[in-house]
Number of protein chains: 2
Amino acid sequence: MEKLLDALKALSDETRLRILNLLFEKELCVCDIMETLQISQAKASRHLIYLKNADLVKDRKHAQWVYYSLAIDERIKFIDSLVYDNLRNLELYQNDLQNLKDWLKRKTVNCD
Amino acid sequence: MEKLLDALKALSDETRLRILNLLFEKELCVCDIMETLQISQAKASRHLIYLKNADLVKDRKHAQWVYYSLAIDERIKFIDSLVYDNLRNLELYQNDLQNLKDWLKRKTVNCD
DNA sequence: ATCTTATATTCGTTTAAGCGATTATATGAG
DNA sequence: CTCATATAATCGCTTAAACGAATATAAGAT
């Protein structure tokens with residue numbers, strides 16, 4: 001499975017780790033990710049597509065939105081450990097989760 | 001810990017994965033690795049230094065040889081899982097382990 | 001049809017990193 | 001000291017990939 005190396009390459013960038021960390025919480029659309037991480041739309045989109053090409057996430061289109069969610073199969077074990085045992089000990093990724101919560105709350109108030 | 005990202009970058013190259021796989025067996029010198037993986041001396045050395053800078057391996061000098069061994073601390077959980085649950089299911093890495101065995105046998109006969 | 005919003009793509013630039021080939025350094029042997 | 005061996009470092013080249021900025025596409029809304 002050549003895909004293992006692709007997965008590892010996808011994991012070797014901080015922005016993509018931050019995105020994965022968020023997607024371990026729930027399915028999100030591109031704009032949730034740009035808002036939460038405070039990155040440009042192009043950057044969010046590009047990294048999501050990179051993760052998709054590595055088979056780590058899948059997408060689902062609904063109206064004008066594209067929702068991304070995890071698509072981790074037998075590689076789940078080590079990536080799970082990476083996320084829960086390593087990433088989530090780090091302040092950056094903890095803050096990102098808090099920012100996600102805040103954003104989703106604001107978003108609901110504003111839009112629904 | 002910024003080192004987590006360095007570790008992940010170190011894991012995103014096939015040659016370095018093959019080297020790590022070998023080092024999970026035992027401490028090895030540079031020439032063991034070049035012989036086992038059939039790669040150039042410069043290539044083996046460069047990648048070992050990359051792994052060392054990422055704190056995944058440590059070295060120990062003895063006479064004209066440099067021995068490399070694992071130096072994986074709290075990151076061990078996910079890297080362990082990566083190696084044992086993923087890498088070692090792949091033919092390439094299984095073959096490398098067999099080649100290591102064969103090389104170490106030949107080496108003993110020739111040199112000691 | 002027009003306008004807005006969400007997402008993807010392209011362009012041009014910059015940087016990291018891989019490679020083979022070669023050279024430098026250091027240790028030990030004779 | 002000289003030579004051989006083990007390892008590291010350097011050079012020049014090539015490729016992957018990250019970035020911001022700008023543009024394209026596609027779906028709704030009016």
Side-chain angles (χ1 to χ4, degrees), chain A residues 2-3 5-20 22-23 27-54 56-69 103-104 106-108 110-112, chain B residues 2-3 5-20 22-23 27-54 56-69 103-104 106-108 110-112:
Chain A
E2 180 57 45
K3 275 295 178 185
L5 194 54
D6 291 338
L8 286 164
K9 284 182 181 160
L11 296 172
S12 70
D13 175 89
E14 185 164 76
T15 302
R16 288 192 293 268
L17 289 180
R18 294 175 74 193
I19 291 174
L20 268 188
L22 298 183
L23 292 179
E27 180 186 69
L28 296 169
C29 66
V30 181
C31 72
D32 294 331
I33 288 166
M34 350 171 353
E35 289 292 338
T36 301
L37 302 185
Q38 290 287 296
I39 59 180
S40 72
Q41 181 271 318
K43 187 168 172 176
S45 176
R46 266 189 314 229
H47 283 297
L48 281 162
I49 290 166
Y50 196 115
L51 288 167
K52 185 182 160 192
N53 288 336
L56 293 182
V57 308
K58 57 181 188 289
D59 63 348
R60 171 176 78 80
K61 289 171 218 287
H62 178 258
Q64 69 268 50
W65 293 280
V66 180
Y67 292 93
Y68 284 91
S69 58
W103 158 249
L104 291 178
R106 262 183 292 136
K107 186 190 178 191
T108 303
N110 292 345
C111 310
D112 293 354
Chain B
E2 181 58 44
K3 275 297 178 185
L5 194 53
D6 291 338
L8 286 165
K9 284 181 182 162
L11 295 173
S12 69
D13 175 90
E14 185 164 76
T15 302
R16 288 192 294 269
L17 289 180
R18 294 175 75 193
I19 291 174
L20 268 189
L22 298 183
L23 293 179
E27 181 185 67
L28 296 168
C29 67
V30 182
C31 72
D32 295 330
I33 287 164
M34 356 174 347
E35 289 292 339
T36 300
L37 301 185
Q38 291 288 295
I39 58 180
S40 73
Q41 182 272 318
K43 187 168 171 174
S45 177
R46 266 189 315 228
H47 283 297
L48 281 162
I49 290 166
Y50 196 115
L51 288 166
K52 185 183 160 192
N53 288 337
L56 293 182
V57 309
K58 56 181 187 289
D59 63 347
R60 172 177 76 82
K61 289 169 218 287
H62 178 259
Q64 69 268 50
W65 294 280
V66 181
Y67 292 93
Y68 284 91
S69 58
W103 159 248
L104 291 178
R106 262 183 292 137
K107 187 190 179 192
T108 304
N110 292 343
C111 310
D112 295 351

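Quick note on labels: first sequence line is chain A, next is B, and so on, each numbered from 1. The figures here come from the full heavy-atom set of this structure, side chains too, leaving out hydrogens, waters and symmetry mates.
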Nearest-nucleotide pick for B:S40, side chain only, options being D:dG20, D:dA17, C:dG20: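 Between D:dG20, D:dA17, C:dG20, the one nearest the side chain of B:S40 would be C:dG20.
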Side chain of A:T15 (C-beta onward), nearest among D:dC19, C:dG18, D:dA27: D:dC19
Salt bridge (charged side-chain N to carboxylate O under 4.0 Å, His left out) contacts touching residues 37-54 of chain B (sequence neighbours left out):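 Non-adjacent pairs meeting salt bridge (charged side-chain N to carboxylate O under 4.0 Å, His left out): B:K52-B:D59.
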Of all pairs that satisfy salt bridge (charged side-chain N to carboxylate O under 4.0 Å, His left out), the ones with a partner from residues 29-41 of chain A, not counting sequence neighbours: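 Sorted result for residues 29-41 of chain A: A:D32-A:K107.
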Axis-to-axis angle between the two ends of the helix from C:dA1-D:dT30 to C:dG30-D:dC1 (five base pairs per end, rounded to 10 degrees):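 Terminal axis comparison yields 10°.
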Check the distance between [N]'s [atom2] and [X]'s [atom1] and give it to me in whole angstrom.
| X | N | atom1 | atom2 | answer |
| --- | --- | --- | --- | --- |
| B:I39 | C:dA21 | CD1 | P | 15 Å |
| B:L5 | D:dA18 | CG | C1' | 13 Å |
| A:R18 | D:dA18 | CZ | P | 15 Å |
| A:D13 | C:dA17 | CG | P | 12 Å |
| B:K9 | D:dA16 | NZ | P | 18 Å |
| B:K43 | D:dT7 | NZ | P | 18 Å |
| B:Y50 | D:dA9 | OH | P | 16 Å |
| B:N53 | C:dG18 | CG | P | 12 Å |

Residue pair A:L8 / B:L17, side-chain heavy-atom distance below 4.5 Å: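 A:L8 reaches B:L17 side chain to side chain.
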Any A:L104 side-chain heavy atom under 4.5 Å of A:T36 side chain: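 Not touching, per the 4.5 Å side-chain cut-off.
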Partners meeting salt bridge (Lys or Arg N to Asp or Glu O under 4.0 Å) with B:R16 (sequence neighbours left out):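 For B:R16, no residue satisfies salt bridge (Lys or Arg N to Asp or Glu O under 4.0 Å) once neighbours in sequence are set aside.
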Salt bridge (Lys or Arg N to Asp or Glu O under 4.0 Å) against A:D13, all qualifying residues, sequence neighbours excluded: none
Nucleotide-resolved protein contact map, nucleotides 3-8 of chain C, B/S/- at heavy-atom distance under 4.0 Å: ---SBB
Can you list everything that forms a side chain to side chain contact (heavy atoms under 4.5 Å, CB included) with [X]? Sequence neighbours excluded, please.
| X | result |
| --- | --- |
| B:E27 | B:R60, B:Y67, B:S69 |
| B:V30 | B:M34, B:A44, B:L48, B:Y68 |
| A:K9 | A:L5, A:Y50, B:S12 |

Sugar-phosphate only, base, or nothing, as touched by B:H62 at under 4.0 Å among non-hydrogen atoms: nothing
Phosphate-side-chain proximity, B:H47 and C:dC19, N/O vs OP1/OP2 below 4.0 Å: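 Looking at the OP1 and OP2 atoms of C:dC19, one of them is under 4.0 Å from a side-chain N or O of B:H47.
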